[in-house]
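The structure appears right after this line, and notes come after that.
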Number of protein chains: 2
Amino acid sequence: MLLSYTEENYLKALLKITFDSGVEKVGTNELASALDVKPATANDMLKKLKEKMLVDYKKYGKINLTSEGKKIAIEIIRKHRLWETFLYQKLEFSWDEVHEVAEQLEHIQSQKLVDKLDKFLAYPEFDPHGDPIPNSKGEIKIHYKKTLSEMTPGNTCKMVAVKDNSSPFLQYVVKVGLGINNEINIISIQEYDLMMVIEVNGQQSTVSQKFAENIYVVNK
Amino acid sequence: MLLSYTEENYLKALLKITFDSGVEKVGTNELASALDVKPATANDMLKKLKEKMLVDYKKYGKINLTSEGKKIAIEIIRKHRLWETFLYQKLEFSWDEVHEVAEQLEHIQSQKLVDKLDKFLAYPEFDPHGDPIPNSKGEIKIHYKKTLSEMTPGNTCKMVAVKDNSSPFLQYVVKVGLGINNEINIISIQEYDLMMVIEVNGQQSTVSQKFAENIYVVNK
DNA sequence: ATACAAAGTTAGGTTAATCTAACAATATTT
DNA sequence: AAATATTGTTAGATTAACCTAACTTTGTAT
Ligand SMILES: [Mn+2]
Ligand SMILES: [Mn+2]
Ligand SMILES: [Mn+2]
Ligand SMILES: [Mn+2]
């Protein structure tokens with residue numbers, strides 16, 4: 001099926017929302033705000049996507065991707081993450097620069113290009129932000145993740161991904177001395193405001209709860 | 001200046017026409033047919049591009065790119081040819097497959113991407129079809145070319161580029177055993193229909209005038 | 001120098017994607 | 001259960017990029 005750039009973004013947003021919230025059902029306002037359009041606009045598009053059998057939805061009801069819609073959405077996320085990996089690994093982009101360009105590149109239509117890119121990158125499993133890259137069959141390796149904010153003093157964990165992909169956040173993470181695969185020791189947590197003192201590579205830093213909620217870790 | 005995908009294609013088409021025809025002045029119908037739209041459509045866009053000071057043109061007059069318009073058009077051609085080179089050299093695309101994908105990739109907006117790609121490819125001077133790649137300053141190495149059809153029996157020349165970039169033609173070129181940098185001996189030319197017998201790598205082939213007109217060569 | 005042909009323009013219409021403003025349905029609170 | 005707030009829908013308008021059909025200008029040939 002040939003979809004427009006815009007239609008693709010709606011499908012991707014729907015999948016992203018369910019990934020992030022864990023809930024299958026999505027609302028019109030939620031979708032609209034994720035895409036930075038008005039609810040009326042999203043509503044129009046929803047009718048069109050329903051017509052194309054890519055979403056499951058009825059008036060005043062919740063929105064669901066059909067399996068076909070989901071398949072397409074995963075393919076777009078696959079392309080997005082492969083391109084991010086390419087920019088990061090081959091073209092020396094920093095991890096806070098890749099997302100914006102990948103937002104454009106993910107819409108290039110060429111199955112061959114995706115396959116060849118995947119091969120060129122030696123079939124990477126994770127993108128520069130630690131997010132899993134769906135394979136050519138659309139399978140995603142979802143490994144259970146906790147956030148740094150769930151850790152307690154004395155814990156040691158390893159950073160595996162970031163939740164917030166915005167450039168300011170990513171730059172801040174680097175400034176704190178943190179990166180994917182770094183080991184983190186939780187030194188202490190301030191009761192009052194949940195500020196956390198952590199140690200990475202022998203360097204201590206104090207981070208806010210908001211910050212800690214955006215760092216994915218696995219226990220050591 | 002932020003231009004739409006479509007506006008970029010109009011600028012590129014204008015430059016291409018002047019390159020191919022050698023003439024600076026372009027007509028509305030010519031432009032429309034190059035873009036596969038109706039003259040009325042091209043006329044609308046011309047007004048818009050004039051407003052943005054990217055083309056020089058007045059009612060019933062001929063069309064010219066302004067220097068700003070030309071600069072942008074060259075940048076798009078630079079991106080197109082860099083991407084073709086990337087696909088060909090790094091992703092193992094064949095030379096008849098690269099153009100179509102590059103038509104999409106040339107519209108990706110990121111100065112950094114272009115610069116990094118150029119560096120990654122070690123600042124290539126020519127694309128897979130032998131066309132010169134403009135450098136980061138917009139300079140193009142135009143080396144004087146003749147077509148194979150201008151050669152006479154006894155001449156030896158070297159193929160440097162192709163004029164027609166269509167997939168069927170490029171595949172045919174390969175079938176004849178021809179490629180960029182191959183040495184060609186002109187064996188004979190049929191007076192009546194200008195069919196040409198050539199020798200490449202010891203292999204003789206007979207090619208039509210139409211074919212010969214689409215192969216660029218330099219004398220040996 | 002007309003007449004005809006080719007080239008270019010205008011007017012009016014369509015579709016995709018967006019908006020605002022008004023309205024309707026559903027959910028939450030008192 | 002009624003009132004209120006939230007959420008979702010509809011109607012009508014706008015813009016970009018396209019179209020067809022009719023018209024005008026320019027170029028060519030008799
Ligand atoms: Mn991203
Ligand atoms: Mn990512
Ligand atoms: Mn090309
Ligand atoms: Mn080329």
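So you know, we letter chains A, B, ... as the sequences are listed, proteins then strands, and number each from 1. Small disclaimer: the values here were computed from a predicted structure and weren't measured.
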Only pairs under 3.5 Å count here: list side-chain donor-acceptor contacts from residues 210-219 of chain B, not counting sequence neighbours, and write none if there are none.
| from | atom 1 | to | atom 2 | distance (Å) |
| --- | --- | --- | --- | --- |
| B/Asn214 | OD1 | B/Asp164 | N | 3.3 |
| B/Asn214 | ND2 | B/Lys210 | O | 3.0 |
| B/Asn219 | OD1 | B/Lys146 | NZ | 3.2 |

N/O donor to acceptor pairs below 3.5 angstrom from side-chain atoms of residues 19-42 of chain B, sequence neighbours left out:
| from | atom 1 | to | atom 2 | distance (Å) |
| --- | --- | --- | --- | --- |
| B/Ser21 | OG | B/Ile17 | O | 2.8 |
| B/Ser21 | OG | B/Val23 | N | 3.2 |
| B/Glu30 | OE1 | B/Gly27 | N | 3.2 |

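Under 4.0 angstrom from either OP1 or OP2 of D/dT10 there lies at least one side-chain N or O belonging to A/Lys47. Between C/dA16 and A/Ser4, no contact under 4.0 Å exists linking OP1 or OP2 to a side-chain N or O. Note on B/Asn43: a side-chain N or O is less than 4.0 Å away from OP1 or OP2 of C/dT9.
Between the CG atom of B/Asp44 and the P atom of C/dG8 there is a distance of 15 Å, given to the nearest Å. Atom NZ in A/Lys38 sits about 17 Å away from atom C1' in D/dT10, given to the nearest Å. Rounded to an integer number of Å, the gap from A/Met45 CE to C/dT18 P is 6 Å. In this structure, A/Leu46 places its CG atom 16 Å from P of C/dA16, rounding to the nearest Å. The separation between A/Tyr5 atom OH and D/dA16 atom C1' is 16 Å, rounded to whole Å.
Checking side-chain atoms of A/Lys79 against main-chain N and O of A/Ile108 turns up a donor-acceptor pair under 3.5 Å. For the pair B/Lys71 (side chain) and B/Gly138 (backbone), a donor-acceptor distance under 3.5 Å is absent.
A heavy atom lying under 4.0 Å from DNA chain D marks the following residues of residues 6-37 of chain A, by number: A/Gly27, A/Thr28, A/Asn29. Across residues 57-64 of chain A, A/Tyr57, A/Lys59, A/Tyr60, A/Lys62 each have a non-hydrogen atom less than 4.0 Å from an atom of DNA chain D (numbered order).
At a threshold of 4.0 angstrom between heavy atoms, the contacts of B/Ala40 include nucleobase atoms, whether or not backbone atoms are also involved.
Using a 4.5 Å cut-off on side-chain heavy atoms (C-beta onward), B/Leu113 and A/Phe93 make contact. When side chains are defined from C-beta on, B/His129 does not count as touching B/Lys163, because their heavy atoms never get closer than 4.5 Å.
Applying the salt bridge (Lys or Arg N to Asp or Glu O under 4.0 Å) definition to pairs two or more places apart or across chains, those involving residues 124-140 of chain A are A/Arg81-A/Asp127, A/Glu125-A/Lys141.
Ring geometry for A/Phe86 versus B/Phe120: interplanar angle over 60°, hence perpendicular rather than tilted (30 to 60°).
Under the ring pair (Phe, Tyr, Trp, His ring centres under 6.0 Å) criterion, B/Tyr123 pairs with no residue, sequence neighbours left out.
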